[in-house]
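Here the structure is a predicted model, which means the values were calculated and not measured.
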Amino acid sequence: MDTPEGPPPQRLRTLPSRLTNQAAQTANRFVDQALGQAGVRRYHYALLAALEEYGPASQAALGRRTGIDRSDMVATVNDLAERRLLERAPDPDDRRRNIITITAAGRSQLTDLDRLLAAAQDEFLAPLPADDRRNLIDLLTRLVTHHGDKHA
């Protein structure tokens, strides 16, 4: 990324970590803009996606699965419950814990969000042909898998 002063030093332009970070910033901007069209944030999408794919779960389990911090989880669940996109009910096995379930409206919203995110991904990956996109996803998945295991 050039500035009015010109390009950054060559050392910086070829650092994979810096390039990945710059690409992530751009990708995050596209995703935030897309989700913003629907009035939601990434946490909303992550929570709905986890509930749809894995079924009902406790807030704690959802937090671990999605990487959403406990304090952010409470706010996200409250927001989605107010919108009737999910329901929370006491766990029959442990009344101190809530079980969260996606609603039909939540599934419908998730389908709409998937469309918005697909368009954002296409915009982000626009300069890459399909084979390069698949390769990029494979390479990033390998990096995340390799390094993710060390931070679990």
Side-chain angles (χ1 to χ4, degrees), residues 1-2 15-152:
M1 178 190 288
D2 289 352
L15 282 174
S17 58
R18 184 172 186 273
L19 291 167
T20 303
N21 187 53
Q22 287 183 303
Q25 289 174 349
T26 302
N28 286 336
R29 187 175 68 252
F30 287 137
V31 167
D32 289 343
Q33 289 170 350
L35 293 176
Q37 293 175 33
V40 300
R41 298 182 321 269
R42 282 183 256 165
Y43 284 168
H44 293 114
Y45 180 77
L47 188 54
L48 291 173
L51 287 168
E52 196 276 329
E53 185 168 336
Y54 297 107
S58 70
Q59 287 182 200
L62 287 166
R64 288 187 297 272
R65 183 173 292 272
T66 60
I68 300 173
D69 184 75
R70 175 183 273 182
S71 61
D72 293 325
M73 177 60 75
V74 171
T76 304
V77 168
N78 287 343
D79 191 27
L80 292 174
E82 286 174 16
R83 298 176 192 209
R84 296 192 165 102
L85 300 177
L86 58 76
E87 295 174 338
R88 99 184 108 200
D91 184 339
D93 297 327
D94 184 351
R95 292 266 180 212
R96 298 168 295 171
R97 178 170 68 179
N98 285 321
I99 297 296
I100 312 302
T101 306
I102 192 170
T103 63
R107 280 189 179 81
S108 177
Q109 175 79 354
L110 184 60
T111 299
D112 293 342
L113 296 176
D114 284 337
R115 278 194 289 275
L116 290 171
L117 285 179
Q121 301 306 304
D122 283 342
E123 186 176 2
F124 173 61
L125 298 172
L128 302 178
D131 285 347
D132 286 350
R133 290 177 184 204
R134 282 189 292 278
N135 288 336
L136 176 64
I137 291 167
D138 178 59
L139 292 169
L140 291 171
T141 299
R142 287 165 45 195
L143 284 169
V144 168
T145 299
H146 174 81
H147 294 294
D149 291 344
K150 294 177 180 173
H151 300 303

Discussion item. I want to check something: taking the side chain as every heavy atom from C-beta on, are Tyr43 and Asp72 in contact at a cut-off of under 4.5 Å?
Written reply: yes

Practice prompt. Would you indicate whether the side-chain heavy atoms of Leu86 and Leu47 approach each other to under 4.5 Å?
Written response: yes

Closest approach of [X] to [Y] (non-hydrogen atoms, all atoms of both residues):
| X | Y | result |
| --- | --- | --- |
| Ala120 | Phe30 | CB-O, 3.8 Å |
| Ile102 | Leu85 | CG1-O, 3.6 Å |
| Arg41 | Asp79 | NH1-OD2, 4.4 Å |
| Thr66 | Ala46 | CG2-O, 3.7 Å |
| Met73 | Leu62 | CE-C, 3.5 Å |
| Ala38 | Leu116 | CB-CD1, 3.9 Å |

Hey, are [X] and [Y] close enough for a salt bridge, meaning a charged N less than 4.0 Å from a carboxylate O?
| X | Y | value |
| --- | --- | --- |
| Arg142 | Asp138 | yes |
| Arg95 | Asp91 | no |
| Asp131 | Arg134 | yes |

Practice prompt. Begin from the C-alpha positions of Glu87 and Ile100 and carry the test side chain to side chain contact (heavy atoms under 4.5 Å, CB included) through to its verdict.
Written response: CA-CA 6 Å; Glu87 295 174 338; Ile100 312 302; over 6 Å; no

Practice prompt. Just jot down the side-chain contact (heavy atoms from CB on, under 4.5 Å) partners of Thr141, sequence neighbours excluded, or say none.
Written response: Ile137, Thr145

Worksheet item: Does the side chain to side chain contact (heavy atoms under 4.5 Å, CB included) test come out yes or no for Gln109 and Leu48, once each step is laid out?
Response: CA-CA 9 Å; Gln109 175 79 354; Leu48 291 173; 4.3 Å; yes

Fill in: Verdict with supporting geometry, Arg29 and Asp32, salt bridge (charged side-chain N to carboxylate O under 4.0 Å, His left out)
CA-CA 5 Å; Arg29 187 175 68 252; Asp32 289 343; over 6 Å; no

Working to the nearest 0.5 Å, report the span between [atom1] of [X] and [atom2] of [Y].
| X | Y | atom1 | atom2 | result |
| --- | --- | --- | --- | --- |
| Asp93 | Ile99 | CG | CD1 | 8.0 Å |
| Asp112 | Gln37 | CG | CD | 11.5 Å |
| Leu35 | Tyr45 | CG | OH | 8.5 Å |
| Asn21 | Gln25 | CG | CD | 4.5 Å |
| Asp114 | Leu110 | CG | CG | 4.5 Å |
| Thr20 | Leu143 | OG1 | CG | 7.0 Å |

Taking distance alone, no hydrogens or angles, what donor-acceptor pairs closer than 3.5 Å link side-chain atoms of residues 49-61 to residues at least two apart or in another chain?
from, atom 1, to, atom 2, distance (Å)
Ser58, OG, Ala61, N, 3.0

Practice prompt. Count the heavy atoms belonging to other residues, nucleotides or ligands that lie under 6.0 Å from CZ of Arg84, then report whether that count exceeds 12.
Written response: no

Worksheet item: Is a donor on one side and an acceptor on the other found under 3.5 Å between the side chain of Asp132 and the backbone of Leu128?
Response: no

Discussion item. Run Arg115 and Thr111 through side chain to side chain contact (heavy atoms under 4.5 Å, CB included) and show every step you take.
Written reply: CA-CA 7 Å; Arg115 278 194 289 275; Thr111 299; 3.4 Å; yes

Discussion item. Using side chain to side chain contact (heavy atoms under 4.5 Å, CB included), reason through Arg133 and Asp122 one step at a time and then give a plain yes or no.
Written reply: CA-CA 10 Å; Arg133 290 177 184 204; Asp122 283 342; 3.1 Å; yes

